Amino acid sequence: MLIRKAAPADYDAIYTLVKTAFQTARVSDGTEQDFVLRLREGPGFIPGLELVAEEDGRLAGHIMLTQQPVKGLEVKALLLAPLCVEISRRDQGLGGALIEEALRLAREKGYEAVFLVGNPAYYSRHGFRCVSDFGLRNGSTIPDPFVQGRELIENALAGQGGTISIEND
């Protein structure tokens, strides 16, 4: 399995992978593949922080980190969205490997924290916690336990305060 930066030549395959992967997700609004397009076209897109997992010339996983402003917070933060793994490769550590590689690259680029919306049971295994644990407020309509963060630099969020608003729109 090769984890590498996504290239424009991968974009059609990524679209299909994200669409197919979220068809079997526990929670999905069916537009995640279009959310990827909007993120890629937005001002927060960072090409070097969109990764794919490739096996035998096929894409088996995808992760994307984009810049995420947080009101009242003075750190360089990112949004992790979306993460997906094709169904035949799930529960084999591929999602975790994508997360760790993306976060390693983000840290190298000077980012201090990452936020996401996701299943706390899964993401807590990768060091994510509810944003309220960091003293941040959830400014979105998404229930608190699902809005999570992780520091890339120890204590980057300590004493910061601020409001995080994440919506798939």
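In this text, all values refer to a predicted model and were calculated from it rather than measured experimentally.
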Are [Y] and [X] connected in a single hydrophobic cluster, I mean Ile/Leu/Val/Met/Phe/Trp/Tyr linked by side-chain heavy atoms less than 4.5 Å apart?
{"X": "Phe115", "Y": "Met64", "answer": "yes"}
{"X": "Val147", "Y": "Leu116", "answer": "no"}
{"X": "Phe146", "Y": "Tyr123", "answer": "no"}
{"X": "Leu98", "Y": "Val36", "answer": "no"}
{"X": "Val75", "Y": "Val131", "answer": "yes"}

Among Gln33, Glu50, Glu86, the one residue meeting side-chain hydrogen bond (donor to acceptor under 3.5 Å, both in side chains) with His62: Glu50
Between [X] and [Y], what is the shortest heavy-atom contact and its length?
{"X": "Leu65", "Y": "Ala102", "value": "CD1-O, 3.5 Å"}
{"X": "Pro82", "Y": "Val18", "value": "CG-CG1, 4.3 Å"}
{"X": "Ile14", "Y": "Ala6", "value": "CD1-CB, 3.8 Å"}
{"X": "Leu94", "Y": "Ala53", "value": "CD1-CB, 3.5 Å"}
{"X": "Gly96", "Y": "Tyr122", "value": "N-OH, 3.3 Å"}
{"X": "Pro120", "Y": "Pro145", "value": "CG-O, 3.2 Å"}

Are Ile164 and Phe134 side-chain neighbours, meaning at least one heavy-atom pair lies under 4.5 Å? no
Is any side-chain heavy atom of Leu78 less than 4.5 Å from a side-chain heavy atom of Lys109? no
[atom2] on [Y] to [atom1] on [X], rounded to 0.5 Å:
{"X": "Cys84", "Y": "Ile63", "atom1": "SG", "atom2": "CD1", "result": "9.5 Å"}
{"X": "Arg129", "Y": "Gln148", "atom1": "CZ", "atom2": "CD", "result": "11.0 Å"}
{"X": "Ile99", "Y": "Leu51", "atom1": "CD1", "atom2": "CG", "result": "11.5 Å"}
{"X": "Asp34", "Y": "Leu39", "atom1": "CG", "atom2": "CG", "result": "11.0 Å"}

Could you give me the CA-CA distance, side-chain angles and deciding distance for Glu112 and Leu152, then say whether side chain to side chain contact (heavy atoms under 4.5 Å, CB included) is met? CA-CA 5 Å; Glu112 301 167 281; Leu152 298 179; 5.5 Å; no
More than 12 foreign heavy atoms under 6.0 Å from NZ of Lys76: is that the case here?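 Enclosed: over 12 neighbouring heavy atoms sit under 6.0 Å from NZ of Lys76.
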Decide yes or no on side chain to side chain contact (heavy atoms under 4.5 Å, CB included) for Ser132 and Asp144, but give the supporting numbers first. CA-CA 8 Å; Ser132 63; Asp144 285 352; 5.7 Å; no
Any sub-3.5 Å donor-acceptor pair from [X]'s side-chain atoms to [Y]'s backbone N or O?
{"X": "Thr20", "Y": "Leu17", "value": "no"}
{"X": "Arg90", "Y": "Val85", "value": "yes"}
{"X": "Glu54", "Y": "Arg4", "value": "no"}
{"X": "Glu151", "Y": "Ala156", "value": "yes"}

Side chain to side chain contact (heavy atoms under 4.5 Å, CB included) between Thr31 and Phe22: does it pass, once the steps are laid out? CA-CA 9 Å; Thr31 65; Phe22 276 95; over 6 Å; no
Name all pairs fulfilling the side-chain hydrogen bond (donor to acceptor under 3.5 Å, both in side chains) condition that reach into residues 64-74, sequence neighbours left out, sorted by first residue then second. Gln67-Tyr111
Pairs meeting criterion side-chain hydrogen bond (donor to acceptor under 3.5 Å, both in side chains) with involvement of residues 96-108, two or more places apart: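 Passing the test, one end in residues 96-108: Glu100-Arg150, Glu101-Arg104, Arg104-Glu108.
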Evaluate side chain to side chain contact (heavy atoms under 4.5 Å, CB included) for His126 paired with Leu80, printing each intermediate quantity in order. CA-CA 12 Å; His126 302 287; Leu80 187 164; over 6 Å; no
